[in-house]
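Let me begin by presenting the structure, written as structure tokens, before commenting on it.
Values reported hereafter were calculated over all heavy atoms of this structure, with side chains retained and with hydrogens, waters and symmetry mates removed. Since the structure is predicted, the reported quantities are computational estimates derived from the model, not experimental observations. Each chain gets a letter, A, B and so on, in the order its sequence line appears, and its residues count up from 1.
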Protein chains: 2
Amino acid sequence: MAASNQVIDINELRQSCAGCALNALCLPAAIGGRDLARLDDIVKRRRPLARNDFLFREGDRHTSLFVVRQGAIKTSTMLPEGDTQVLGFHLPGEILGLDGVADERHRATAEALEEASVCEIPFAKLSEIAAQLPALQRQLYRIVSREFVREQQHPVMMGRKHALTRLALFLHSVSERRRNQDLEPHEFQLSMSRQDLASYLGLVIETVSRAFSRLQTQQIIDVDRRRVRILDAVALGQLANSEDTDLRAIA
Amino acid sequence: MAASNQVIDINELRQSCAGCALNALCLPAAIGGRDLARLDDIVKRRRPLARNDFLFREGDRHTSLFVVRQGAIKTSTMLPEGDTQVLGFHLPGEILGLDGVADERHRATAEALEEASVCEIPFAKLSEIAAQLPALQRQLYRIVSREFVREQQHPVMMGRKHALTRLALFLHSVSERRRNQDLEPHEFQLSMSRQDLASYLGLVIETVSRAFSRLQTQQIIDVDRRRVRILDAVALGQLANSEDTDLRAIA
DNA sequence: CGCGCCGGTTGACTTTGGTCAACTCGGCGG
DNA sequence: CCGCCGAGTTGACCAAAGTCAACCGGCGCG
């Protein structure tokens with residue numbers, strides 16, 4: 001259907017990629033029209049996910065990379081005793097599914113925290129195409145590595161000794177990630193429950209709740225349930241970067 | 001020098017790869033002689049590292065993947081206030097350097113904890129060759145993903161509420177990793193300081209020390225400074241997998 | 001040979017965060 | 001409209017981990 005008018009076709013594709021936040025993958029790689037079409041062919045635009053829908057589950061055989069278009073996805077893994085550890089929250093423009101490439105079996109579960117839409121890219125096909133497009137290949141490695149580095153921020157946060165610092169770090173990172181997507185960085189709605197957040201931060205739910213309250217009384221944030229407004233970004237940053245023992249001085 | 005007798009040449013290469021633990025990268029990929037030679041060409045065998053030598057440092061421009069041949073390497077990242085967070089310990093057969101592919105700048109520091117030898121693989125060249133060898137390509141992705149999954153075990157460990165559980169988990173993982181390399185899994189010398197371990201586990205040094213002592217008095221391990229002997233692997237495993245509240249029941 | 005240092009351990013005390021339980025608030029269904 | 005339910009908050013209490021300090025013991029150096 002597209003072969004008749006290639007100009008329009010490419011624009012459509014670029015747009016779909018741009019909208020899909022896949023731009024990180026294809027646009028800067030300066031891929032030509034024909035190649036872009038091939039890439040586009042394998043990208044599945046999934047019907048939107050509802051809250052609590054699973055994108056994939058631990059143990060799923062099929063392996064794909066996913067790019068979050070809208071909404072938020074939580075990844076988690078089952079612990080031996082039956083409860084779960086939240087591994088990450090994925091916001092628009094971020095990818096997930098890199099676990100699972102190793103043995104073609106997902107090692108984590110991905111669940112929508114709110115209405116969400118994603119692009120799915122079957123990994124086998126992607127790597128096939130990438131093999132023939134050095135620019136795409138490089139881009140793919142870059143994205144994988146970036147994901148790897150992001151991943152390392154999690155233990156950095158969990159290594160902090162104080163609940164307040166961990167939460168500040170988290171809120172700061174959400175703010176930054178929103179800024180990168182040209183979204184309002186100082187006011188947003190958290191899509192995860194306190195329970196999810198607690199697991200992610202390595203705390204219990206009550207501690208998270210108290211940490212929110214403290215930030216509120218310090219006038220650093222204004223929080224009403226899941227709605228967060230950052231009142232004093234500087235103080236939040238200081239707190240996030242504070243040596244654990246300095247904590248008292250700031251908050 | 002090798003062109004004269006290809007059979008010998010290939011065997012040599014395979015051997016060097018096998019010894020280098022790079023076998024994961026080239027051997028199972030069933031790469032032919034000519035291709036293996038190309039791969040071998042780019043692999044640099046570094047002179048051994050002494051204790052405290054740096055393999056790379058945060059911010060280093062040059063990006064390579066490294067495979068640990070012998071010894072142990074610690075990776076860490078600088079925190080804003082100046083102290084560091086230990087991100088991982090890399091034992092023989094494991095790779096590091098995946099951070100840094102993204103922006104061709106390492107995001108962590110890698111330091112030898114003891115005499116160590118590694119193979120260095122300049123990433124740019126590796127990906128070039130891999131692009132032409134689908135089998136190698138696949139293998140490379142697989143390794144990257146495995147590393148990604150390994151990375152996720154860190155927050156899982158740090159998410160545990162009790163120091164004893166975290167240490168048990170760590171010792172268990174060391175044991176497993178040694179088993180995978182056909183090394184004695186129940187008796188070994190830790191190469192990292194208590195300080196490094198504390199940072200890695202998200203604890204302070206005294207707590208780590210006490211946790212070791214407790215495991216010792218429970219007769220689960222026998223520890224003398226950095227020498228560890230696992231006396232009761234079952235109990236250690238139970239502890240590692242124990243629901244945090246069950247802790248009292250076991251230890 | 002012995003002194004001092006460094007890495008590690010142990011003890012006493014403090015503080016933070018976990019536990020348990022009561023309670024609030026908003027949404028939803030009967 | 002009422003009452004229930006689930007998510008979240010708050011308080012009282014407790015226990016685990018952090019802090020501070022003393023101490024141990026092996027090693028290296030003077």
Side-chain angles (χ1 to χ4, degrees), chain A residues 51-52 74 83 86 113-114 157-170 189-218 221-228 239 242-251, chain B residues 51-52 74 83 86 113-114 157-170 189-218 221-228 239 242-251:
Chain A
R51 201 169 126 78
N52 299 329
K74 145 186 115 174
D83 43 22
V86 171
L113 289 169
E114 54 182 275
M157 198 191 52
M158 288 182 116
R160 300 329 210 75
K161 299 266 156 19
H162 293 283
L164 216 55
T165 311
R166 293 192 204 170
L167 182 57
L169 232 16
F170 171 75
Q189 181 94 17
L190 293 175
S191 48
M192 71 290 293
S193 67
R194 295 288 193 266
Q195 181 53 64
D196 288 338
L197 200 40
S199 169
Y200 182 68
L201 298 177
L203 302 166
V204 296
I205 181 174
E206 295 95 327
T207 306
V208 172
S209 185
R210 280 186 249 270
F212 269 113
S213 300
R214 275 185 77 184
L215 288 180
Q216 167 113 277
T217 42
Q218 312 287 180
I221 64 170
D222 184 55
V223 56
D224 174 34
R225 307 192 137 257
R226 296 191 181 180
R227 181 107 229 133
V228 174
L239 204 50
S242 66
E243 185 52 46
D244 299 289
T245 42
D246 302 348
L247 208 154
R248 220 172 274 94
I250 301 170
Chain B
R51 201 168 124 79
N52 299 329
K74 145 186 115 174
D83 43 20
V86 172
L113 289 169
E114 55 182 275
M157 199 191 51
M158 289 182 116
R160 301 329 211 76
K161 300 264 157 18
H162 293 283
L164 216 55
T165 312
R166 293 192 204 171
L167 181 58
L169 232 16
F170 171 76
Q189 181 93 17
L190 293 174
S191 48
M192 71 291 294
S193 68
R194 294 287 192 266
Q195 181 54 65
D196 288 338
L197 200 39
S199 169
Y200 181 67
L201 299 177
L203 301 167
V204 297
I205 180 174
E206 294 95 328
T207 305
V208 172
S209 185
R210 280 186 248 269
F212 269 113
S213 301
R214 276 186 76 184
L215 289 179
Q216 166 112 278
T217 41
Q218 315 285 187
I221 65 169
D222 184 56
V223 56
D224 175 35
R225 308 191 136 259
R226 296 191 182 181
R227 182 108 229 133
V228 175
L239 204 50
S242 65
E243 184 54 47
D244 298 288
T245 43
D246 302 348
L247 209 155
R248 219 172 276 93
I250 302 171

Item to check | Closest listed nucleotide, where the reference is the side chain of A/Ser209 and the choices are D/dA17, C/dG18, D/dG8 | outcome: D/dG8
Item to check | Distance in angstrom units between A/Phe212 CZ and D/dG8 P, rounded | outcome: 9 Å
Next on the checklist: How close do A/Leu164 and A/Ala211 get, counting heavy atoms only, and between which atoms?
Outcome noted: CD1-O, 3.6 Å
Item to check | Residue pairs passing the salt bridge (charged side-chain N to carboxylate O under 4.0 Å, His left out) test where at least one lies in residues 192-203 of chain A, sequence neighbours excluded | outcome: A/Lys74-A/Asp196
Next on the checklist: For a 4.5 angstrom cut-off between non-hydrogen side-chain atoms, does B/Val223 reach B/Leu215?
Outcome noted: no
Checklist entry - Quick one, which residues of residues 191-198 of chain B touch DNA chain C with a heavy atom under 4.0 Å? => result B/Ser193, B/Arg194
Taking N or O atoms only and anything under 3.5 Å, show me the protein contacts with nucleotides 22-29 of chain C, one pair per line.
none

Item to check | Set of residues satisfying salt bridge (charged side-chain N to carboxylate O under 4.0 Å, His left out) with respect to A/Arg227, sequence neighbours excluded | outcome: A/Glu187
Checklist entry - Which of these nucleotides, C/dA12, C/dG18, C/dT19, is closest to any side-chain atom of B/Arg210? => result C/dA12
Next on the checklist: With a 4.0 Å cutoff (strictly under), does any side-chain N or O of B/Ser213 reach OP1 or OP2 of C/dT9?
Outcome noted: no
Check: protein-nucleotides 3-5 of chain D nitrogen or oxygen pairs below 3.5 Å:
none

Checklist entry - Rounded to whole angstroms, how far apart are CZ on B/Arg160 and C1' on D/dA16? => result 16 Å
Checklist entry - Taking for each residue the nucleotide of DNA chain C bearing the nearest heavy atom, is the 5' side occupied by B/Val223 or by A/Gly202? => result B/Val223
Item to check | side chain to side chain donor-acceptor pair (under 3.5 Å) involving B/Glu114 - partner list, sequence neighbours excluded | outcome: B/Ser191
Next on the checklist: Return the CG to CD distance between B/Asp224 and B/Gln189, rounded to the nearest 0.5 Å.
Outcome noted: 9.0 Å
Next on the checklist: Run the side chain to side chain donor-acceptor pair (under 3.5 Å) test against B/Gln216 and tell me which residues pass, sequence neighbours left out.
Outcome noted: none
Item to check | Whether B/Ser213 side chain and B/Ser209 backbone form a donor-acceptor pair below 3.5 Å | outcome: yes
Next on the checklist: For B/Leu190 and B/Phe170: C-alpha separation, side-chain torsions, deciding distance, then whether side chain to side chain contact (heavy atoms under 4.5 Å, CB included) applies.
Outcome noted: CA-CA 11 Å; B/Leu190 293 174; B/Phe170 171 76; 4.0 Å; yes
Checklist entry - Once you round it to whole Å, what is the distance between P of C/dT9 and CG of B/Leu203? => result 14 Å
Checklist entry - Side chains of B/Leu197 and B/Leu167: closer than 4.5 Å at any heavy-atom pair? => result yes
Item to check | Contacts of type side chain to side chain donor-acceptor pair (under 3.5 Å), residue A/Thr207, not counting sequence neighbours | outcome: none
Item to check | Residue pairs fulfilling salt bridge (charged side-chain N to carboxylate O under 4.0 Å, His left out) with at least one residue in residues 199-210 of chain A, sequence neighbours excluded | outcome: none
Item to check | B/Leu164 CG to D/dA16 P, straight-line distance once rounded to whole Å | outcome: 11 Å
Item to check | Spacing of B/Arg227 atom CZ relative to D/dG26 atom C1', expressed in whole Å | outcome: 17 Å
Item to check | D/dA17 phosphate, OP1 or OP2, under 4.0 Å from B/His162 side-chain N/O | outcome: yes
Checklist entry - Separation of B/Met158 atom CE from D/dA17 atom P, in whole Å? => result 14 Å
Checklist entry - What integer distance in Å separates B/Glu206:CD from C/dG11:P? => result 14 Å
Checklist entry - To the nearest angstrom, how far is B/Ile205 atom CD1 from D/dA17 atom P? => result 16 Å
Checklist entry - Picking from C/dG8, D/dG8, D/dG18, which would you name as closest to the side chain of B/Arg226? => result C/dG8
